[in-house]
Each structure stands twice: as C-alpha cells, then as structure tokens.
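As structure tokens, the structure follows; a few thoughts come after it.
Letters A, B, ... mirror the listed sequences (proteins, then strands); counts begin at 1. Keep in mind the model is a prediction, meaning the values are calculated, not measured.
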Amino acid sequence: MHTITRRQLLAVTAATATGLALSPNFASAKAEDAMAVLDKFTGGKAPAEGKVTLKMPEIAENGNTVPLSISVDSPMTADNYVKRVVIVAEGNPRPEVATLHFSPKSGVAEASTRMRLAKTQNVVALAEMSDGSFHMVKRQVKVTIGGCGG
Amino acid sequence: MLSRRDFMQAAGALAAIYGGSAPWMQLAAQQKLSEAELIGFEPFGNVTIAHLTDIHAQLMPVWFREPSVNLGAGEAEGQPPHVTGSDFLERYNIAAGSADAYALQSEGFAALAKQYGRMGGIDRIATVLKHIRAERADNTLFLDGGDTWQGSYTANKTKGADIVEVMNALKPDAMTGHWEFTLGADRVKEIVEELPFAFLGANIFDNEWEEPAFEAHKMFERGGVKIGVIGQAFPYTPIANPRWMFPNWSFGIREDEIARQVEAVRADGAQLVVLLSHNGFDVDRKLATRVEGIDIILCGHTHDALPAPLKVGKTLLIATGSNGKFISRLDLDVGADGLKDYRYKLIPIFADVITPDAEMTALVEKVRAPYADELKRVVGRTDSLLYRRGNFNGTVDDLICQALLEERDAEIALSPGFRWGPSLLPGQEITVEDLHNVCAMSYPAAYRNKMTGKFLKQVLEDVADNLFNPDPYYQQGGDMVRVGGLGYSINPKQPIGRRISDMTSLKDGKPIDPAREYVVAGWASINQATEGPAIWDVVEAYLKNHSPVRVDPHDAIKVVGI
C-alpha cells in the first residue's frame, strides 16, 4: 500500500494552489547565468526594491533542503495583483529554481517551499506585478561545513 | 615610563621569584574582599533580575582565564566585549592587580589566581541568590541563559541529571538552551517535561511543520510589574553541533518571530520585555537595533563578562560571563510607561570569600558522590598555565592537539574552538575532573581521516568566517578551530576564501600542498557514526607518557592586517 505522508500531500497542495513550477536543479552543461535569468524575466527592465519579502535562514541548517518563503505586498485585486515570482539562486548550477504563478484568485501572494543550495550564495526573489513593474529582493544564505561553534 | 602592561609583566616576574607573594600582591590581597562588599547592593525600583548563564555544568569553583585575544569584526571592532587586557582595565577604570582585574581579564592571571583564589561554585551562587531573594522576595526573577547541562564529567555521566537536580534547587524562573540539545532530543524532552520552570525557545520549530517546538515566552508578575520573558536558544545549534541528535528541530535567528513575540507579550500587558538570549553578544547587539520593544537582553553564548550594561538604542545588554564566575543583579524601576531607570552589578563569585550555602554544598556532594574517587584521580601535572579562551589558540587546546598528533599518529590535528573549559595553574595536578572539564560532551570520538590540503584550507576559511564575518548574523560565536602540526597566517578583515594564507606543515616546514592528502586527527565531529576513542582517553594516554607537561605559547599562527 502506498501511503502519502502529510509532507507529500502538502507539497502537492502547495504546487496546485500556486502553480509552482520547480525546475530540475541538476548541473547543466550550459548553466545559465543568474543575471540572464533575471533579464529574461523582466525583459531587461530594472526592478525596484521593496514589496517582496524573502524569508530564508542566514546560515542553512541543511544545504540539501533550505526552507524559503516569499510574500509580496499586493491587494491582489483584478486590477492590481502579482502575476509571477521567479526564484533565482546565483550560485547553483542551474540558477532558476522556481517560478510561482499567481492570480487575483490566489487571494494573497505567498508561498513556501524548500530548495537545495550547493554553496554560500545570494538568493533572489523577483516579482512581476500586473502593471508590468518588477520588484526584487536578495538575501545571502551561507552554507558551511559547520561543527566548531560554541 | 613604565606602561601598565610592563608593570604587570614585571610584577608577574617578581611573583615568580617570590613564589606568589610579591609585595604588590600582598597589597592586593590586603584590599580584603568581603562577602558583604561583593554582594552588597542598594535595592532599587520594583523588579530585580538575577541572571546566570553558560555555567557549563561547573558545580565546583574553577580557575578561568578570560581571553587575551578577542577581536571584533565590522562595527564591533574595538567595542565591548572585544576589549582585552589593559585596554579592558582602562575602559572600565579597573586597577591592575585588583580583584576585578583578576576576574575580568587575562593579564597577570596565573599570579593573581594565587592571590584571589578560584571563582564560582554553585553553592556560593546559591548564597548570593538567597541574599537577593531575602532582600527582594516578591520582586526577583531568576533567569538561566543556558549551556547549563553540559561541560563536566558528572553531567556527561548522568546525561545532565546532576546539574538539573542542582539547578532545580536554585529555582530559576525560566531558561533557554544550546548544548542542552546535544543530550539528544529524547533526553531533552524527558528533562523539559519534568522541569519545575519554563524552558523557552521562541526560535525552535519542528522542521517538518514549522510549528513551535517549545514554549516561546512566559509572563511573570514581580513587584506589581508584568514582565514578558522571551527565550532565544542558540540559533546555530544544528550547524555548530550534530543535527542528527535532534533531527526534527530547526533553529535560526528568526528576527520576525522575536518581533511577533514582543508584540504578543506587550498585548498581554507586559510593562517590561526581557529577551533571555543565547544568540551571542554581537548578534544581540545587532538584534537590538532591528527589533523594537525589548527592554533588556540577557546575553549568553559568547561568554563575555562586562561590568556595565551596554545600551543599544533603548535596550540594555547584560553580559554575565561563564562557568559560574559571575551572577548579574539588575534592579529596575518600572512604571506604567515602562522602564524608567536601573542599577546593575556584575557580582564576582570569589569562592574563598563568599560563604557556601550549606544545603547546596550537601546537594552537590550528593550528586558527585558516586563519582568522587574517579573525579580526583590524578592523570598528570602541568608546569605551565593551561587555558582555552582566545580567538586563535589556547594552551589546553595545544595540549589536546599534541595528544591527537601523537596518540593517533597524525600529521595534523584539529580541535574545535569551544569557549567552555576552565584553566589549570602552573604546578597543578591534572585530575580526571580537570581533564573532562575541557572536553566532556556527547560526541567525543577522536577520528583519524585523510584530508587534502585544499579541504583543510576550506575548513579554516569556513570557521574564520563564522568568527569574523562583519555581519554578526553570520557568526556562530565560537573561536577559531585549533590546529596542531600546522601553521598559518590569518587576516580577519578579508572576506571568506582570502583570510588564510601561508599554511605550513610544522613537521617539515613545507607549504601545505592543496592536492596532497594529510592524515588528520580531530574530535567533536558533527558527523554521525564518527569512529575513534573518546578524546579524554586520548589525552589521558598522552599524559601518561609526558607528564608533567609544559605548553608554552607559540607563534605558528600569525594574525595580519589588523
């Protein structure tokens, strides 16, 4: 019998609710540069700061599964909402980690997931708003060998 | 002109000649410390907070030398607690050779120790607490900042039972933790369920559901004042210590969560908000600038002892030291609109001056009784001062590294940059108790592995960044990993990857080859199923062949760029 754990169920639910599209995070022969991913997303437009909150630990407890939650300050109404958010890890072999799609029906622009970080790097969350503007936030997450504190 | 440092050195030399009774020292002793003077405090306001932290299960009085090197990174450079030796004395207007000079800084330590005796002892702390409570019965809140259940032979043997029984008798109102978690999740849960007071950790979450794993805060009423106490466990416990021992708990600084808790206790009517913290001093200093509404942060983890609070914005930071050397008393005048004024004293626990509390002495004897013979078994003797504290090395760690190199037949030894572990004076016998005081913990296996020169560099860079990252939120609060058989230069002001240079094998004087594999021995690995004898057995075996030991300071580690 195959039983589904609460965690698996949650993952599925979250993906359905937000249209979470996880990119495979394998090393790629032609790994895209993080800037290129962001540029492609914005069409070259400069993003503003603010509105986007990215919660991640300062130092990862386990680089294989680093919790991440984003929220974007938006009324999420028909004429003012968040369309999508791309999450980019600057130092991963494939920097594009996920693109989250939202609509006014989402109610709030919030999502949580976990990602793998191979080494210390900046993680960027970039949001596209319905008026065509972009907002960005960047956080450094340290991945350490650990073991010598205290 | 003779500088104060020169004078101290001259005095130290004199002390050596006179066998610990140079004229200036006799004067120092004649200052006649008295219990009344040490404990004396003119009560003030309506609330008293007593704070004890990082005692590392030290039930008995100890020698404990404070660091001579404690560099601050970024904005903390040159700021307390990153002030040592004569600079410390000048900043706090403390006379060289005085009791406070002995208690608070490193210069002249071995000589002053003979004059002023050991510090700490939980039965002396009990006396001070009884005095405070007698004076301020309905006003006193006693808070323990954690790192309480680990650090001694008996705590290790009893999985914390000895120290828990003793602390319960001291009746804290709340505690938080760090090394406590290295007893393993099951044992922690078992103890916490039975604790007659709150174990607080607002930043500990179940890592599957992100649900709180411990009580976050507790409300108290003292002297008619509503007080919210929020607990903050060491944020990097699963990184600095073995995560596999408590695999379902996630920590982190979680600033937003603290802010949420501050709002919650304020909404509950708190007139005074206290953060009982194991963040480490520099993390707390930054936190105070970013989270509003905290009146007092009781700092722990980094083992700093400061004779005066540091005010950051409206928040008072208190640093109470470690190993039972001090207890803080903070009297507060709190009105309807919050904290109005305070009076503070860092009470030094001079073991020869403060009368032990008889009940507590009896309890300590009881919990130690099953191990009494083993505790006093002599395993060696030291002809030189053995101490641990300092950013880069300490003689007790040099001894541990020597033991690892020889007993494990290794080219290079690594020993963690812990800040716990008392000191031993020149001429002192080393007992099982002394030995375990510097290495008693739940993952003591002394491994023997091969590591490439490249990986060794990465280890040093990694730990150096935990110590010297200019943003305290990326610091873990330990000191630099100690090395044996290896020399290097370090520039703390460089970024990660560029701090360490000139790595040299001391065995042959050759530069470390990034591509070559070296045989490395070390202990306290955070990896599960690490194999090897316990570190205390390694050191005991070494002492058997080398006692008496003499470990002099060396210059294999060069600090540059500062």
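- Classification of B:Arg448 and B:Glu531 as a salt-bridged pair fails, no side-chain N sitting under 4.0 Å from a carboxylate O.
- In this structure, the portions of B:Asp465 lying under 4.5 Å from any heavy atom of chain A include both its backbone and its side chain.
- Taking the six-membered ring for Trp and the full ring otherwise, B:Trp420 and B:Phe64 have centroids separated by 6.0 Å or more.
- Under the 6.0 Å cut-off for aromatic ring centres, B:His56 and B:His178 do not qualify, their centroids lying 6.0 Å or more apart.
- Separation of the B:Phe205 and B:Phe251 ring centroids does not fall under the 6.0 Å cut-off.
- Of the atoms belonging to B:Tyr236, it is side-chain heavy atoms, and not backbone ones, that fall under 4.5 Å from chain A.
- Within the 4.5 angstrom heavy-atom criterion, no atom of B:Trp523 approaches chain A.
- Interface check for chain A: of the options B:Ser250, B:Pro235, B:Pro242, B:Gly252, the most heavy-atom pairs under 4.5 Å are formed by B:Ser250.
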